[in-house]
Amino acid sequence: MHKLLLVVCLSLAIEIPAHAALAETMTAEQVVEKNIAARGGLQAWRGIKSMTMTGKMDAGGKQNAQLPFTLKLKRPRMSRLELEFAGKTALQVYDGSNGWKVRPFLNRLQVEPFTQAEMQSATEQEALDGLLIDHETKGIKIELAGVEPIEERAAYKLRLTTRDNQVRNIWIDAQTFLEVRVEGFPRMLDGKPHRVYINYRDYRSVGGLMMPFVLETVVENVVPARNIRIETVNLNPNLENSIFAKPDYSGIRAAN
């Protein structure tokens with residue numbers, strides 16, 4: 001890994017001083033403003049109250065099956081993920097305060113509450129419009145931490161500190177001003193925490209908003225990476241609050 005990083009740095013040796021100069025001419029707030037504009041604008045994003053996405057995600061393993069999913073989001077922080085696996089539908093639901101899951105593919109034939117770790121992850125999960133839009137209202141402080149090469153392109157590194165003092169980093173492409181990498185929550189593997197990064201790729205315009213259609217999750221020292229490929233996005237669908245409540249297992253069982 002260190003050798004690969006060295007090769008990248010050497011290949012960019014001529015450009016790095018110019019990248020450093022970029023950092024001196026931009027403030028964190030200016031980078032955020034340009035990012036919001038590149039994504040479609042502040043008012044346009046504020047007008048999005050709900051969203052649904054469908055697509056497929058990598059399951060991993062030898063076969064690395066592609067699992068169909070539907071994700072439903074509603075402000076302020078409600079979410080419902082439906083994942084198809086082995087002819088059964090798994091659910092993960094969060095109403096903004098409490099979360100539940102149903103895992104029939106593990107023969108867990110009941111609705112279970114989120115674990116403490118899952119609740120922490122859910123409460124820290126970014127809002128429908130991300131971390132940067134209205135970050136002051138969300139209690140997020142942002143500082144510019146320099147410019148770094150991300151896949152051979154210069155990117156502004158923003159260091160975010162949340163209301164509860166959690167620190168996350170986001171990298172903004174210095175040309176497009178779109179997010180190219182977001183630091184995820186660490187994962188415990190073999191009793192050790194591993195850093196997690198999500199690379200944003202294949203940006204497309206949806207109703208005037210720029211959205212990534214491929215999210216590549218990279219876990220430090222773990223290969224291969226896993227992808228989420230978005231196929232459809234629907235803005236402002238009518239989503240009843242009831243679909244984010246504790247699931248009715250009898251209905252789920254009947255559907256499967």
Side-chain angles (χ1 to χ4, degrees), residues 1-5 53 55-67 69 71 73 77-86 88-127 130-131 138-141 145 148 150-151 157-171 179-201 212 214-230 246-247:
M1 181 65 185
H2 296 295
K3 291 182 178 179
L4 176 60
L5 183 59
M53 301 179 185
K56 293 183 176 66
M57 64 175 63
D58 292 344
K62 293 181 179 180
Q63 300 295 328
N64 191 27
Q66 303 292 304
L67 305 183
F69 74 87
L71 176 62
L73 304 169
R77 286 183 176 273
M78 294 183 280
S79 65
R80 178 186 177 96
L81 174 65
E82 304 171 9
L83 184 64
E84 302 295 327
F85 181 74
K88 299 179 180 179
T89 301
L91 286 180
Q92 186 170 300
V93 181
Y94 183 62
D95 69 0
S97 300
N98 298 288
W100 304 270
K101 58 192 176 185
V102 180
R103 299 178 290 175
F105 56 90
L106 295 178
N107 291 321
R108 305 295 288 266
L109 304 180
Q110 64 277 327
V111 177
E112 301 173 277
F114 277 8
T115 63
Q116 183 177 355
E118 289 168 339
M119 276 299 301
Q120 181 178 359
S121 178
T123 56
E124 293 175 353
Q125 197 65 256
E126 61 189 71
L131 295 168
K138 297 170 183 174
I140 297 174
K141 297 180 181 179
E148 296 180 353
I150 300 295
E151 298 182 343
K157 181 180 180 180
L158 299 179
R159 180 173 293 118
L160 282 61
T161 305
T162 63
R163 186 179 281 110
D164 56 355
N165 290 319
Q166 297 291 321
V167 177
R168 296 178 66 183
N169 295 306
I170 293 180
W171 289 262
E179 291 101 329
V180 289
R181 179 173 292 176
V182 175
E183 185 176 13
F185 301 106
R187 293 187 185 176
M188 294 298 295
L189 298 172
D190 301 324
K192 300 178 181 179
H194 292 249
R195 293 181 179 178
V196 175
Y197 300 99
I198 301 96
N199 296 319
Y200 289 5
R201 310 183 191 279
V214 175
L215 284 73
E216 178 192 57
T217 299
V218 179
V219 181
E220 188 179 45
N221 299 324
V222 176
V223 292
R226 296 187 181 181
N227 290 322
I228 294 176
R229 295 175 175 83
I230 297 170
K246 182 179 180 179

On a heavy-atom basis, the closest approach of Asn165 and Thr161 is CA-CG2, 4.0 Å
Fit a plane to each ring of Tyr94 and Phe114, take the angle between them on a 0 to 90° scale, and name the class: parallel (under 30°), tilted (30 to 60°) or perpendicular (over 60°). parallel
Where is the tightest heavy-atom contact between Val218 and Ala225, given as atom of each residue plus distance? CG2-CB, 3.9 Å
Check the pair Asp95, Trp100 against side-chain contact (heavy atoms from CB on, under 4.5 Å), reporting the backbone distance first and the verdict last. CA-CA 9 Å; Asp95 69 0; Trp100 304 270; 3.5 Å; yes
Using the side chain to side chain contact (heavy atoms under 4.5 Å, CB included) rule, pick out the option among Lys192, Arg187, Arg195 that qualifies with Glu220. Arg195
Is there a donor-acceptor pair closer than 3.5 Å between any side-chain N or O of Lys138 and the backbone N or O of Gly130? yes
side-chain hydrogen bond (donor to acceptor under 3.5 Å, both in side chains) with Glu183: which residues, sequence neighbours excluded? Asn169
Test: Arg201 and Glu151 ion pair at under 4.0 Å: yes
Flag this pair as yes if the NZ/CZ of Arg103 is under 6.0 angstrom from the six-membered ring centre of Phe85 and inside a 45 degree cone about the axis; otherwise no. no
Modelled atom types, side-chain donor and acceptor of Thr162 and Asp164, under 3.5 Å: yes
Of Leu71, Leu81, Leu83, which is the lone residue that meets side chain to side chain contact (heavy atoms under 4.5 Å, CB included) with Gln92? Leu81
For the atom pair CZ (Arg181) and CD (Glu216), what is the distance rounded to the nearest 0.5 Å? 8.5 Å
Please report the closest heavy-atom contact between Ser79 and Leu73, naming both atoms and the distance. CB-CD2, 3.7 Å
